[in-house]
Engineer: 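Would you mind keeping the following structure in view while I ask a few things?
The first residue of the sequence shown is numbered 1, and numbering continues consecutively from there. Start at 1 and go down the list; that is how both ligands and their atoms are numbered.
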Amino acid sequence: SFFPGLAQEPGKFNYDESQVGTYTLPPLLQTTGGQKITSATQWNTTQRPALLKLFADNVYGRLPGKPAGMHYKVVSEDKQALGGKAILKQVTIYFTPADTGASMDVLLFLPKQAKGPVPVFAGLNFKGNHTVHPDPQIKVTSRWVAEDKNAGITGNRANEQTRGLQASRWVVEEIIARGYGLATAYYGDLEPDYPEGYKTGIRTQLRKNLKIQPNEWGAIGAWAWGMSRMLDYLETEPAVNAKKVALQGHSRIGKAALWAGVNDPRFAIIISNESGEGGAALARRWYGETVARLNEAFPHWFSPNYRKFDHNPNQMPVDQHQLLALVAPRPLYVASAQEDQWSDPKGEFLSAQATAPVYALFGKKGIDSSAMPGLNQPVGETVRYHNRSGKHDVTLYDWQQYLSFADKHFGQAQ
Ligand code: GTR
């Protein structure tokens, strides 16, 4: 765990279905002023912008736009990666006109055999690009990384021994074999994940004399913003079909992927892998992690306004099913893991299921049944859900579902 003590602490929270109690979710198809939403046009012009603003002002904070002077530099390109099956490219995105200021290193794998621009999975990683795959040419991050005694990460510095450390979470060979590309960057390039991390991250780098406002973006906002900047770059890459970019995120990065996905309609598919509280899970359902615990453990993730709801999530003007509904009409995949009760699999399912009436406005089918599906049994069409057996993680099983989901909605990649 990133935060010592957390492994024991969640045991003190509610894991008893009989204690969840009752709650009323804020309506999807009615405005705060009481107006009923009955068409896709009304959703797009009235309800969607209103909800997006409520999430920005009360939960995640406001996002800035694309900075002027942003530019890209190719750092390396290998046309014979993965034993000749892939192109491996490393590109640095500079957020300012200078090549010395704020930047993000993108690692891109593309299938070699592609006949044209390919669909791509995009997402941020937790420990540096060099941990995504053991290929020795991938640059080892020089940024702050979280301590990990088991992996030999001490002094907040990455090392050669951590190459490929997270490879099981990215299944690069599988993604390439199915005809997709993969674009990833280290989330710490945007903001190091600790309470004071913003001081060296883009929130400070992009704005001198940052004074944190009540609806200021937090680290989740910074990571989400970086995802959109990665997409800006992908739009300039001729080998990529930027209209077919599926954004994937796990856990805290899953919360950020949802926030990026609802703000940036260019992302064609959104995938939340065990994003839990502050992500896909309903806040009003008292089970597993709570808003209070989230804000106490991670005071830098959300906007200061979110703290107002620490002890009364019922007072929030929104709940997370509304965030998921903002993905509509685009395909959305919400995934849970059974042993990850901290993320509240059922609360993630109910939230995904609740979006069905919004997808219906667009003639799309979400999840019909309100019954939690069995283990490893994905359900739903344009909104899909599974509860995988096993622990909090991203596995080959998860990726196989995402690849098939992308095949279905993008048309087979190869
Ligand atoms: C936990 C946190 C969760 C989730 C997770 C992760 O400590 O309580 O909300 O974000 O970290 O990112 O792995």
Engineer: In terms of atom number and element, which parts of ligand 1 are under 4.0 angstrom from non-hydrogen atoms of Leu294?
Structural biologist: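 Those of ligand 1 that fall under 4.0 Å from Leu294 are 9 (O).
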
Engineer: Could you check, using the six-membered ring where one of them is a Trp, whether Phe13 and Trp286 have ring centers closer than 6.0 angstrom?
Structural biologist: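 For Phe13 and Trp286, the ring centres are not under 6.0 Å apart.
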
Engineer: Can you confirm, on distance only, whether ligand 1 has an N/O atom lying under 3.5 Å from any N/O atom belonging to Arg252?
Structural biologist: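 Yes.
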
Engineer: Kindly compute the distance separating CG (Leu326) from CD (Gln320), expressed to the nearest 0.5 Å.
Structural biologist: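 That separation rounds to 10.0 Å.
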
Engineer: Taking only non-hydrogen atoms of His392, do any sit less than 4.0 angstrom from ligand 1?
Structural biologist: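 His392 counts as a contact of ligand 1 under the 4.0 Å cut-off.
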
Engineer: So if I count the atoms of ligand 1 from 1 in the order they appear, which ones are less than 4.0 Å from some heavy atom of Phe298?
Structural biologist: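 Answer, ordered by atom number: 1 (C), 2 (C), 7 (O), 8 (O).
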
Engineer: Pick one of side chain, backbone, both or neither for how Lys255 approaches ligand 1, counting any non-hydrogen atom pair under 4.0 Å.
Structural biologist: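 Looking at Lys255 and ligand 1, just side chain atoms fall under 4.0 Å.
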
Engineer: Answer with side chain, backbone, both or neither: which part of His250 has a heavy atom less than 4.0 angstrom from an atom of ligand 1?
Structural biologist: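 Neither; nothing of His250 gets under 4.0 Å from ligand 1.
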
Engineer: Going by atom types alone, do Tyr233 and Glu237 pair a side-chain donor with an acceptor below 3.5 Å?
Structural biologist: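 Glu237 and Tyr233 do have a side-chain donor-acceptor pair below 3.5 Å.
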
Engineer: When you look at Asp78 and Lys89, which way does the salt bridge (charged side-chain N to carboxylate O under 4.0 Å, His left out) test go after all the steps?
Structural biologist: CA-CA 6 Å; Asp78 172 10; Lys89 203 166 164 178; over 6 Å; no

Engineer: Indicate yes or no: does an N/O atom of Glu277 lie under 3.5 Å from an N/O atom of ligand 1?
Structural biologist: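 So ligand 1 has no N or O lying under 3.5 Å from an N or O of Glu277.
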
Engineer: Would you check if the distance from the ring center of Tyr60 to the ring center of Trp301 is below 6.0 Å?
Structural biologist: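 Not close enough - the centres of the two rings lie 6.0 Å or further apart.
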
Engineer: State which residue, out of Tyr402, Tyr333, Trp399, fulfils the side-chain hydrogen bond (donor to acceptor under 3.5 Å, both in side chains) condition with Asn273.
Structural biologist: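 Checked Tyr402, Tyr333, Trp399 against Asn273; only one passes side-chain hydrogen bond (donor to acceptor under 3.5 Å, both in side chains): Tyr402.
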
